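What follows is a short report on a single structure.
All values derive from a computational prediction rather than experimental measurement. Computed over heavy atoms, backbone and side chain alike; hydrogens, waters and symmetry mates excluded.
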Amino acid sequence: MQDIMIMASLLVFLNVTLLAILVPGGPIENRDFSKLKGGVFWGFNLFLILLGITSFIVCYLLLISHPHAIFMTQIIAVLYFIVYIIDLAGIFPKSPTKMSKPLMLFEVINTSMAIFLFLFVMAIGHVGS
């Protein structure tokens with residue numbers, strides 16, 4: 001069972017790394033978000049930062065097989081999925097700059113990884129109970 005928890009931890013780490021690659025102004029995310037109001041912009045950034053930090057904590061909790069780690073990982077996977085889906089759907093964040101093809105590809109991959117993470121830890125939860 002410990003090997004499966006290590007794999008789950010690595011999947012969470014992969015998901016947070018894929019999110020970090022998409023930092024605005026980075027090599028992939030080049031859209032202009034200057035039209036977002038300060039509170040909305042900083043609120044969304046704070047949410048993403050906390051999602052990343054929580055992901056690292058959950059990586060550790062999975063490694064030590066904490067009793068709530070699977071449930072926390074399911075929540076994180078759903079949050080990743082929501083972040084990517086609302087962006088791919090053009091709901092939020094809005095930008096006058098169109099999403100580039102590499103960014104769209106990364107977000108589709110990241111959405112798939114969030115789904116895979118969720119299904120993986122669901123399977124662990126069923127095996128472990």
Side-chain angles (χ1 to χ4, degrees):
M1 184 68 160
Q2 185 60 29
D3 289 344
I4 294 173
M5 297 300 271
I6 291 170
M7 289 183 351
S9 181
L10 288 172
L11 281 173
V12 173
F13 185 79
L14 179 61
N15 271 271
V16 72
T17 302
L18 289 170
L19 177 68
I21 290 171
L22 300 179
V23 171
I28 297 169
E29 175 61 89
N30 56 8
R31 293 178 290 173
D32 175 21
F33 296 114
S34 62
K35 300 282 187 217
L36 290 176
K37 298 204 184 296
V40 173
F41 177 80
W42 287 109
F44 186 58
N45 279 320
L46 180 60
F47 168 76
L48 293 176
I49 290 166
L50 290 173
L51 180 59
I53 292 169
T54 304
S55 295
F56 287 122
I57 293 168
V58 168
C59 283
Y60 172 72
L61 294 176
L62 285 164
L63 289 176
I64 64 168
S65 299
H66 187 276
H68 300 296
I70 298 296
F71 178 68
M72 294 170 71
T73 305
Q74 291 168 347
I75 292 171
I76 285 174
V78 169
L79 292 174
Y80 278 117
F81 177 79
I82 291 170
V83 165
Y84 298 127
I85 287 298
I86 63 172
D87 194 14
L88 286 168
I91 297 170
F92 183 82
K94 297 265 186 198
S95 171
T97 313
K98 187 177 176 182
M99 184 183 287
S100 68
K101 288 184 182 179
L103 174 59
M104 187 177 295
L105 176 63
F106 262 86
E107 289 208 1
V108 168
I109 291 168
N110 293 3
T111 302
S112 301
M113 287 303 300
I115 293 169
F116 181 72
L117 174 62
F118 183 81
L119 294 174
F120 188 81
V121 294
M122 283 291 291
I124 293 173
H126 288 301
V127 169
S129 54

Evaluate whether atom CZ of F13 has more than 12 neighbouring non-hydrogen atoms of other residues, nucleotides or ligands under 6.0 angstrom away.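 Check fails, neighbour count at 12 or below.
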
Mind running side chain to side chain contact (heavy atoms under 4.5 Å, CB included) on I49 and I53 for me, showing each step along the way? CA-CA 6 Å; I49 290 166; I53 292 169; 3.8 Å; yes

For residues [X] and [Y]: do they belong to one hydrophobic cluster (side chain heavy atoms under 4.5 Å, members Ile, Leu, Val, Met, Phe, Trp, Tyr)?
X    : Y   : value
L117 : I6  : no
L50  : W42 : no
L119 : L11 : yes
I21  : L10 : no
L51  : L46 : no

So, for [X] and [Y], which heavy atoms are closest and what is the spacing to 0.1 Å?
X   : Y    : result
I28 : L103 : CG2-CA, 3.6 Å
K98 : R31  : O-CG, 4.0 Å
E29 : L22  : CB-O, 3.3 Å
I4  : F120 : O-CE2, 3.8 Å
V23 : A20  : CG2-O, 2.8 Å
A8  : I124 : CB-CD1, 3.8 Å

[atom2] on [Y] to [atom1] on [X], rounded to 0.5 Å:
X    : Y   : atom1 : atom2 : answer
L36  : K94 : CG    : NZ    : 10.5 Å
M113 : L14 : CE    : CG    : 4.0 Å
M122 : Q74 : CE    : CD    : 5.5 Å
N15  : Y80 : CG    : OH    : 6.0 Å
L19  : L79 : CG    : CG    : 11.0 Å
L88  : F81 : CG    : CZ    : 9.5 Å

What side-chain donor-acceptor pairs closer than 3.5 Å can you find for residues 59-67, not counting sequence neighbours?
residue : atom : partner : partner atom : Å
S65     : OG   : Q2      : OE1          : 3.2
H66     : ND1  : H68     : N            : 3.0

Anything under 30° is parallel, anything over 60° is perpendicular, the rest tilted; go ahead and classify F47 against F44.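 The arrangement is parallel - the two ring planes meet at less than 30°.
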
Is a side-chain donor or acceptor of S95 paired with a backbone partner of F33 at a separation under 3.5 angstrom?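 Looks like no, no N/O pair under 3.5 Å.
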
Give a yes or no answer on whether the side chain of S9 reaches the backbone of M5 with a donor-acceptor pair at less than 3.5 Å.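 Such a contact is absent between S9 side chain and M5 backbone.
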
Are I109 and L105 side-chain neighbours, meaning at least one heavy-atom pair lies under 4.5 Å?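 Side-chain contact under 4.5 Å: yes.
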
With heavy-atom distances below 4.5 Å as the criterion, would you say the side chains of D87 and F92 are in contact?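 Side-chain contact under 4.5 Å: no.
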
Using distance alone, with no hydrogens and no angle criterion, decide if Y84 and N110 have a side-chain donor and acceptor under 3.5 Å apart.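 The answer is yes; a qualifying pair exists.
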
